[in-house]
Amino acid sequence: MESRFRFRLYLLTAMILLGVFSLLHRLHQFQIKDQHYYIRQKPGFSVVAIREPGVRGEILDRNGVPLAENYRIYELVVNLGEVRESWIRQWKVEKSVGEETDEKPPEIDKIVERLILPRLKELGVEPRLNRTAIRTHYVTHGDLVPYVFPGELDFDQFSRLAEHKLGLQGVYVNSRPQRRYPMGTLAGHVLGYVQQWKKGTYTPAEKAEFAHYFGDSKGVSGIEKTYNDILTGLHGKRSLYKDEKNNIIGRTVDSRAPGQGAELTLTLDAGIQCLTENVLRKAGRAAAVVMDVNTGEVLAMASVPNYDPNDYVPSLTQKSADYYFQNKGHPFTNRAVSSYQSGSTTKIPVALTALMNGQAGFADNCRGYVAFGRTKIRCWHTAGHGTLRMDEALQRSCNPYFMDLANRMGREKMVEGFSALNLGRRTGVGLPEEKPGILPGSQHWLQLQEPGSIVTPSQVALMAIGQWDMEATPLQICAITACVANGGTYYQPRLLKKATLLDDTIVPDVPKVELDLVKDKGVSRSDIKRVQHGMWLAANAPGGTAGRVAIKDYTVAAKTGTVQKGTPPNHTNNAWVTAFAPYDEPRYSVTVFVEGGKSGGKVAGPLAHMILRGIAATEKGLRLPTKRMGKFAGHFDPIEEIELPEDALLSITLEDVGETGDEVSEALDENKPVKVKPRIIPLPGGGSGQSEDADE
């Protein structure tokens with residue numbers, strides 16, 4: 001009897017346990033395993049996909065100094081569609097119980113004011129209410145693009161709001177990365193700036209995929225624009241379940257975190273860049289480029305006036321806009337890649353073109369002028385230089401020598417040689433703002449002229465001394481100088497050293513050779529030495545035009561240039577100098593351009609001297625300081641001369657010889673000038689400048 005009772009007890013216990021197990025199994029089946037299936041059967045259920053912007057890649061200098069990075073900001077975000085639906089539900093409930101209500105829901109800005117702001121005030125946050133912006137945003141984007149209240153939350157506010165969860169539908173706090181340029185204006189023209197995502201710039205497919213859309217910022221100038229595609233990280237995505245009351249239910253599904261964009265390492269050296277920018281502030285409107293002659297890497301590229309890319313984060317204020325756009329010096333113009341008449345620095349590519357055409361030994365007797373029919377184009381040294389060879393002509397910057405040399409070769413050979421040296425076309429350095437310059441006589445130039453236009457011998461002569469229509473950028477002149485310095489190899493100038501993504505190199509650090517004068521053109525290295533020696537004479541021998549560039553115990557070779565703009569008495573000059581150093585083992589080329597500088601020797605020369613002196617100091621173990629730079633507005637004051645530092649020790653005694661700065665006015669026989677049709681010079685950013693008469 002007892003055994004039968006025990007059996008029944010065990011059986012009952014087993015049945016109870018089996019029932020409990022079955023119940024637990026079914027609960028697991030319903031609530032966990034098949035949770036999403038049953039959620040989807042619920043009336044009003046929806047899956048909400050949220051697009052999150054990718055993290056923009058950082059930009060570093062060659063030594064790892066951050067030039068563009070990201071920092072995290074906290075913001076208050078409102079989905080206006082959800083807020084309005086929440087208000088309507090509440091309004092219908094109040095109406096159903098007979099409470100006094102408005103006939104229809106108020107405007108969206110009033111709903112935000114009544115429903116959201118009081119709760120935020122309780123939590124110590126009082127955002128600015130822009131009624132017009134809220135209404136416009138709601139009408140334009142509905143509930144696809146959340147509205148972001150102006151101004152950032154501090155971390156305490158963010159934490160407090162996140163902790164209390166607000167208790168308001170459609171209102172939440174968000175954190176996202178935002179661009180920052182920690183060095184201020186340093187290399188601003190090179191880096192460019194980004195523009196925050198413009199609301200509404202999404203495709204129909206994206207609109208169909210995402211219920212809430214946050215777009216990516218976009219580079220609109222400089223490196224930020226050129227490499228925008230690889231800098232932009234892969235966007236993230238979160239999918240949430242919502243019920244018919246827009247309450248979040250269940251867990252997040254289909255989640256993908258935003259990706260990081262590529263990290264760019266530039267060729268710039270922040271120390272040399274900082275040095276160059278500080279030196280240029282001694283001029284009003286100027287540019288300078290420093291290159292590694294053996295790789296084509298741009299170590300510094302500076303332009304003044306300048307701008308701060310941080311002013312575009314998150315957007316340009318009216319105060320900043322007034323500061324920039326009322327400055328007639330055009331702070332957004334990168335003068336280092338803008339084109340200008342290149343003056344006597346053009347004599348370097350003329351010399352290289354002569355080497356390509358077997359004219360290395362050309363000698364000429366300078367009588368103080370060259371006659372073209374009844375027109376005489378004079379030398380700056382009106383008494384004449386006598387018989388000169390190439391190196392001596394470069395030393396003294398003799399106009400007749402290079403005018404005769406150019407006409408000896410002819411227009412076609414000149415255009416061919418200049419084109420080989422990348423004049424008249426962009427270098428491909430990686431900046432969208434780069435200009436190609438102007439190469440007179442080229443096919444592109446002829447297409448822009450009147451039908452039947454020809455290039456006369458006198459125009460070829462003016463082209464050879466960087467006058468008339470001949471224009472080049474400081475970057476182009478610096479790259480040609482680097483070609484001379486390294487013995488005849490033209491490297492493509494480059495700003496991007498390498499790019500890495502997820503530890504993989506997607507852009508390798510490889511110099512690109514575009515021209516080898518020795519291999520491609522049959523130029524001998526001894527002939528290239530003639531050009532090098534001529535530039536050495538210009539900086540280090542009596543009678544040279546570039547004595548103010550010379551440095552004690554650091555041998556420099558250089559060439560100056562001066563260009564007159566406009567016609568007397570209202571003309572101004574632009575000053576040029578281009579140099580390389582050290583002479584025996586060249587490593588650096590430097591080109592300086594100054595608008596409003598009286599002469600290349602007295603204005604641009606000292607600036608190049610100071611840049612090269614700073615670089616020379618680094619080779620002795622000193623370190624160039626790197627600091628955050630501020631804005632510089634520039635000026636339009638004519639610059640007669642820039643004084644060298646008091647402790648400057650020059651290798652030769654300075655003599656007041658060389659270019660006077662009035663090459664055009666002194667070059668032409670005023671009795672029989674040949675007029676060239678004035679050109680309207682386009683100004684950066686639209687519009688046009690004054691008409692420029694280029695006398696022949």
Side-chain angles (χ1 to χ4, degrees), residues 59 67-68 179 181 183-195 217-231 264 266-268 273 276-277 280 285-291 296-313 316 320-321 324-325 327-342 422-439 444 471-479 492-496 574 591-595 629 631-634 681-689:
I59 304 176
L67 302 176
R179 206 58 158 169
Y181 302 90
M183 304 304 291
T185 64
L186 187 75
H189 287 99
V190 173
L191 297 172
Y193 59 90
V194 297
Q195 200 169 60
S217 58
K218 182 179 181 181
V220 294
S221 72
I223 291 293
E224 293 276 25
K225 179 178 181 179
T226 302
Y227 299 102
N228 182 71
D229 289 346
I230 63 174
L231 281 168
L264 304 188
L266 302 187
T267 61
L268 295 181
Q273 181 74 29
T276 304
E277 291 192 16
L280 284 191
R285 294 160 294 143
V289 179
V290 182
M291 288 180 61
E297 295 177 348
V298 177
L299 302 176
M301 179 183 287
S303 178
V304 292
N306 60 7
Y307 71 94
D308 190 341
N310 290 297
D311 288 340
Y312 273 90
V313 181
L316 195 65
S320 294
Y324 289 128
F325 295 115
N327 185 341
K328 295 182 180 179
H330 303 287
F332 292 107
T333 298
N334 185 353
R335 287 169 167 79
V337 290
S338 298
S339 66
Y340 307 91
Q341 286 183 317
S342 45
N422 222 71
L423 293 171
R425 56 191 175 95
R426 295 176 179 86
T427 66
V429 70
L431 294 178
E433 299 83 12
E434 183 184 15
K435 300 296 185 291
I438 299 176
L439 178 53
H444 177 72
E471 289 189 5
T473 68
L475 177 63
Q476 288 172 326
I477 297 299
C478 192
Q492 181 187 39
R494 60 192 179 109
L495 281 163
L496 180 61
N574 289 342
T591 299
V592 177
F593 166 77
V594 181
E595 288 189 66
M629 299 288 290
K631 288 179 282 195
F632 177 69
I681 306 300
L683 294 177
S688 60

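The model shown is predicted, which means the values in this text are computed figures rather than measured ones.
With sequence neighbours left out, K218 forms a side-chain contact (heavy atoms from CB on, under 4.5 Å) with N228. Residues passing the side-chain hydrogen bond (donor to acceptor under 3.5 Å, both in side chains) test with S221, sequence neighbours excluded: none. Taking A68 as the reference, I59, R179, Y181, E224 meet the side-chain contact (heavy atoms from CB on, under 4.5 Å) condition, with sequence neighbours excluded. Checked against side-chain hydrogen bond (donor to acceptor under 3.5 Å, both in side chains), Q273 has the following partners two or more places apart in sequence or in another chain: E277. Under the side-chain contact (heavy atoms from CB on, under 4.5 Å) criterion, E434 pairs with V337, R426, T427, V429, L475, sequence neighbours left out. In terms of the side-chain hydrogen bond (donor to acceptor under 3.5 Å, both in side chains) criterion, residue partners of S339 (sequence neighbours excluded) are, by chain and number, E471. The side-chain contact (heavy atoms from CB on, under 4.5 Å) search around P305 returns R285, N327, P331, R335, not counting sequence neighbours. Residues satisfying the ring pair (Phe, Tyr, Trp, His ring centres under 6.0 Å) test with F632, not counting sequence neighbours, are none. For the side-chain hydrogen bond (donor to acceptor under 3.5 Å, both in side chains) test, no residue two or more places apart in sequence or in another chain qualifies with Y312.
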N574 and V594: side chain to side chain contact (heavy atoms under 4.5 Å, CB included), yes or no, with the steps?
CA-CA 6 Å; N574 289 342; V594 181; over 6 Å; no
Apply side chain to side chain contact (heavy atoms under 4.5 Å, CB included) to residues N334 and M301 and explain how you reach the verdict.
CA-CA 9 Å; N334 185 353; M301 179 183 287; 3.7 Å; yes
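A distance of 4.5 Å separates OG1 in T185 from CG in N306, rounded to the nearest 0.5 Å. Considering CE of M291 and SG of C478, their distance stands at 5.5 Å, rounded to 0.5 Å. Within the model, atoms CG of L268 and CD1 of I223 stand 8.0 Å from one another, a figure rounded to the nearest 0.5 Å. In this structure, the separation between CD1 on I438 and NE2 on H444 is 8.0 Å, given to the nearest 0.5 Å. Between the CG atom of L316 and the OH atom of Y307 there is a distance of 11.0 Å, given to the nearest 0.5 Å. To the nearest 0.5 Å, the span separating NZ on K225 from OH on Y193 amounts to 9.0 Å.
Q492 places none of its side-chain heavy atoms less than 4.5 Å from the side chain of N422. For the pair V194/V220, no side-chain contact is recorded, criterion being any heavy-atom separation below 4.5 Å from C-beta on. Residues L266 and L496 meet the side-chain proximity criterion, which asks for heavy atoms closer than 4.5 Å.
Of all heavy-atom pairs spanning A336 and A302, the tightest one is CB-O, 4.2 Å. Shortest non-hydrogen contact noted between T276 and V290 is OG1-CG2, 4.0 Å. Nearest heavy-atom pair, S338 versus P474, reported as atom, atom and distance to 0.1 Å: O-CD, 3.4 Å. Across T267 and V298, no two heavy atoms sit closer than the pair OG1-O, 2.6 Å. The shortest non-hydrogen separation linking S342 to I477 is CB-CD1, 4.4 Å. Scanning both residues, L439 and G424, for their nearest heavy atoms gives CB-CA, 3.9 Å.
Residue pairs that meet the salt bridge (charged side-chain N to carboxylate O under 4.0 Å, His left out) test with at least one member in residues 299-311, sequence neighbours left out, are D311-K631.
Side chain of S303 to backbone of T333: a donor-acceptor contact under 3.5 angstrom is found. Side-chain atoms of E595 never come within 3.5 Å of backbone atoms of A287 as a donor-acceptor pair (strictly under, hydrogens ignored).
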